Amino acid sequence: MNKSTAKKPWGGRFTEPTNKLVEAFTESISFDSRLYKQDIQGSIAHSKMLAKIGVISDDEATSIEQGLLSILEQIRVGDFQWSTELEDVHMNIEARLTDAIGEAGKKLHTGRSRNDQVATDVRLYMREAVDDIVDLTLQLQESLLTVAAKEVNTIMPGFTHLQVAQPISLAHHLLAWNEMFERDIERLLDARKRINVMPLGSAALAGTSFALDRDMTCELLGFDRPSRNSLDAVSDRDFLIEVSAACSLIMMHLSRMCEEIILWASESYKFIEIGDAFCTGSSIMPQKKNPDIAEIVRGKSARVIGNLQALLVLMKSQPLAYNRDNQEDKEPIFDTVDTVARSLQVFSAMVPSISFKRETMYHAALKGYATATDLAEYLVRLQVPFRDAHEIVGNTVHYAIEQKKPLAELSLEELQSFGAMIQQDVYEVLSLEGSVKARSHFGGTAPVRVKEAIAAANERLAKLR
Ligand code: ARG
């Protein structure tokens with residue numbers, strides 16, 4: 001028998017060696033070796049359970065556990081040779097175990113298939129990955145809330161259509177970003193419930209004739225419950241799609257934030273300066289300092305969103321139960337996890353390096369007639385119907401533009417020529433401070449409310465920590 005065929009745990013019914021091209025094409029060890037920790041964790045739990053139900057002896061289970069722990073160590077220190085001939089992480093580890101401990105190693109795979117094994121490994125992996133991403137998102141929230149606390153009274157223009165709309169507190173803007181990430185965490189934690197279900201015991205697709213104690217393995221591995229249907233359990237990858245969708249939303253949110261940071265750092269806005277340590281230069285233009293981190297994160301959102309698409313298309317049309325197509329789930333999901341984690345990390349580090357140019361922001365808010373709505377609302381309080389008030393203020397703004405003056409610099413006489421009822425107290429609402437302060441309902445941008453909102457956000461954050 002050919003050496004390469006003999007080595008394969010499934011080699012028994014084959015008489016020809018695997019074509020080398022096929023071997024290279026079907027292997028997954030080049031990327032699924034990453035699951036070694038989870039694979040060993042799952043195998044130890046499985047062998048303990050096999051001993052408990054009397055399928056293997058206690059001594060065998062002990063020797064399996066010791067063998068696996070020593071393999072774990074070898075992999076950790078880089079002293080493990082992965083073999084493509086052994087296809088994937090599961091067969092590599094199992095073969096090494098048998099080399100090391102002999103007969104007992106051959107019993108480990110009793111009542112199990114790589115189909116429930118890989119589904120279990122990936123779930124264990126994703127559970128950890130989700131916890132890490134939640135943690136990193138919380139760190140970013142912390143950075144945002146720390147900056148927000150310093151910028152409650154900083155006034156900047158709020159935009160719609162990227163046109164100056166109304167003055168707002170900069171902290172209010174930062175809190176809007178915070179809201180996005182808070183929703184992202186909720187989504188991840190919700191997805192985690194459906195990740196934390198144990199497929200082990202489903203075997204290839206139909207379960208096994210051994211009376212497995214699935215509750216025991218479930219508890220050993222920290223799953224909430226065993227899966228209810230063996231066919232579904234080996235084929236379901238919804239949980240990867242959910243996490244991938246939640247990660248796409250994180251990247252979409254980061255990308256929106258990037259876009260604003262890039263604009264704000266530009267020569268035309270000059271709202272912020274990003275710390276030198278978080279920018280890069282140009283090889284030809286000596287004066288340049290570019291917001292590359294924000295640009296790269298914005299760019300990386302593309303691959304994470306692409307990975308979501310890949311996973312959806314991967315699963316679409318797959319008949320029950322397990323199909324080898326599923327091997328294609330790993331690279332996109334690993335890439336998504338890595339990309340999101342690295343983007344969040346670098347962002348949390350960059351945010352505190354940003355200095356806000358308060359004066360520039362204030363002056364930008366003065367331009368663009370940002371308090372026009374306040375003037376209209378002032379008129380409404382004097383019993384002018386809103387539509388009429390809108391018209392009066394529209395005319396006033398038109399006039400002010402011609403005069404090249406902000407609204408607050410028009411004289412009372414000038415203002416009264418558009419609305420006779422306007423009095424001296426109008427200047428209070430025409431100021432940026434007055435406008436911001438007036439939006440004092442729950443959810444509004446008034447400094448008192450923003451302070452409360454920061455405190456409340458910090459409290460919610462502390463609960464998740
Ligand atoms: N490497 C496979 C995967 O990632 C797991 C092995 C299942 N293989 C099989 N022939 N049933 O899905």
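The structure displayed is predicted, hence computed values, not measured ones. Any value given below was found using the heavy atoms of this structure, including those in side chains, with hydrogens, waters and symmetry copies removed. Sequence positions, counted from 1, serve as the residue numbers for this chain. When a ligand or atom number is given, it counts from 1 through the structure's own listing order.
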Check for me whether [X] meets the cation-pi criterion with [Y], that is, NZ or CZ under 6.0 Å from the six-membered ring centre and within 45 degrees of the ring axis.
X	Y	answer
Arg76	Tyr36	no
Arg34	Tyr125	no
Arg123	Phe239	yes

Checklist entry - Are Glu242 and Arg194 close enough, and set up right, to give a salt bridge (charged side-chain N to carboxylate O under 4.0 Å, His left out), and what steps lead you there? => result CA-CA 9 Å; Glu242 284 190 56; Arg194 285 174 293 282; 2.7 Å; yes
Next on the checklist: Could you check whether any side-chain N or O of Ser43 sits under 3.5 Å from a backbone N or O of Ile40, counting only pairs where one atom can act as donor and the other as acceptor?
Outcome noted: no
Next on the checklist: List the residues meeting side chain to side chain donor-acceptor pair (under 3.5 Å) with Glu459, not counting sequence neighbours, and say none if there are none.
Outcome noted: none
So what's ligand 1 close to, N/O to N/O, under 3.5 Å?
from: ligand 1; atom 1: 1 (N); to: Ser28; atom 2: OG; distance (Å): 3.3
from: ligand 1; atom 1: 1 (N); to: Asp88; atom 2: OD2; distance (Å): 3.3
from: ligand 1; atom 1: 1 (N); to: Gln327; atom 2: OE1; distance (Å): 2.9
from: ligand 1; atom 1: 4 (O); to: Lys330; atom 2: NZ; distance (Å): 2.6
from: ligand 1; atom 1: 10 (N); to: Arg114; atom 2: NH2; distance (Å): 3.4
from: ligand 1; atom 1: 11 (N); to: Asn115; atom 2: OD1; distance (Å): 2.8
from: ligand 1; atom 1: 12 (O); to: Tyr322; atom 2: OH; distance (Å): 2.4

